[in-house]
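Comments concern the structure below.
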Amino acid sequence: GAGVSQSPRYKVAKRGQDVALRCDPISGHVSLFWYQQALGQGPEFLTYFQNEAQLDKSGLPSDRFFAERPEGSVSTLKIQRTQQEDSAVYLCASSPRSGLAGGQGEQFFGPGTRLTVL
Amino acid sequence: QKEVEQNSGPLSVPEGAIASLNCTYSDRVSQSFFWYRQYSGKSPELIMSIYSNGDKEDGRFTAQLNKASQYVSLLIRDSQPSDSATYLCAGDYNTDKLIFGTGTRLQVFP
């Protein structure tokens with residue numbers, strides 16, 4: 001079956017440009033997550049959606065980062081006025097579980113978008 | 001501060017040996033743990049999840065969880081060169097997010 005897909009796979013932006021990264025979760029998965037992974041590090045949580053509701057955005061590093069999931073399926077992570085420190089791989093994951101208590105269970109990752117800011 | 005810690009490695013084992021990967025966590029709250037395998041340039045792939053104390057086996061993989069000592073481990077039996085990758089440990093701390101360690105790089109040599 002189809003897994004999580006992300007586009008574009010690679011994005012090069014000049015400093016100051018805005019970028020938009022897209023995630024298509026596994027069909028029927030209620031929960032969607034965005035993570036940022038720097039080279040040599042584990043993924044770090046950015047934000048979480050349950051259906052169309054953004055329930056946690058505590059990991060977004062600044063107000064230049066914005067995420068949405070308006071219809072509860074596809075999600076977009078937008079970064080405004082990109083900076084060099086934004087260069088990383090942005091991973092999207094989805095999970096079939098919806099409950100917050102007791103954790104989210106297994107999360108399945110997409111291939112990621114590698115963002116390079118020059 | 002909720003943390004998950006792993007030795008970055010590399011851990012080198014010969015083909016056919018048992019690879020033992022370890023992870024410690026800082027808070028007793030965490031209920032669920034996950035092991036992900038990440039090949040260079042690829043995204044994390046879930047290989048094992050464990051929710052209760054004890055061992056969980058799946059093929060050549062065994063996950064072990066000890067909540068009293070706050071550690072979780074992954075054993076890979078009959079290691080193959082194709083197992084060479086970075087192994088990420090993650091806990092959910094009963095929240096909506098996964099907290100990852102930095103990963104342990106495993107090298108299996110023929």
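Naming: A, B, ... by sequence-line order, numbering from 1 per chain.
Atom CG of A:Leu118 has more than 12 heavy atoms from other residues, nucleotides or ligands within 6.0 Å. Applying the 6.0 Å contact sphere to CZ of B:Arg60 captures more than 12 heavy atoms from other residues, nucleotides or ligands. The neighbour count for A:Glu71 CD, taken as heavy atoms of other residues, nucleotides or ligands under 6.0 Å away, does not exceed 12. No more than 12 heavy-atom neighbours from other residues, nucleotides or ligands sit within 6.0 angstrom of CD on A:Glu44. The neighbour count for B:Lys42 NZ, taken as heavy atoms of other residues, nucleotides or ligands under 6.0 Å away, does not exceed 12.
Atom CZ of A:Phe109 sits about 5.0 Å away from atom OH of B:Tyr36, to the nearest 0.5 Å.
A chain of hydrophobic side-chain contacts below 4.5 Å, direct or via other Ile, Leu, Val, Met, Phe, Trp or Tyr residues, connects A:Phe45 to B:Phe34. Linking Ile, Leu, Val, Met, Phe, Trp and Tyr whenever their side-chain heavy atoms come within less than 4.5 Å leaves A:Leu91 and A:Phe66 in two separate clusters.
Residues A:Glu106 and B:Tyr51 share a closest heavy-atom pair of CG-OH, 3.7 Å.
Ranked by heavy-atom pairs under 4.5 Å with chain A, the first of B:Thr86, B:Leu98, B:Leu46 is B:Leu98. Between chain A and the options B:Pro44, B:Ser49, B:Gly103, heavy-atom pairs under 4.5 Å are most frequent for B:Pro44.
Contact check for B:Lys97 versus A:Phe33: no side-chain heavy atoms found under the 4.5 Å cut-off. Counting heavy atoms from C-beta on, the side chains of A:Pro43 and B:Leu88 come closer than 4.5 Å.
The contact between A:Ser58 and chain B is made entirely by side chain atoms (from C-beta outward), counting heavy-atom distances below 4.5 Å. Only the side chain of A:Gln37 comes within contact range of chain B, judged by heavy atoms closer than 4.5 Å. Residue B:Gln38 touches chain A through its side chain alone, counting heavy-atom pairs closer than 4.5 Å.
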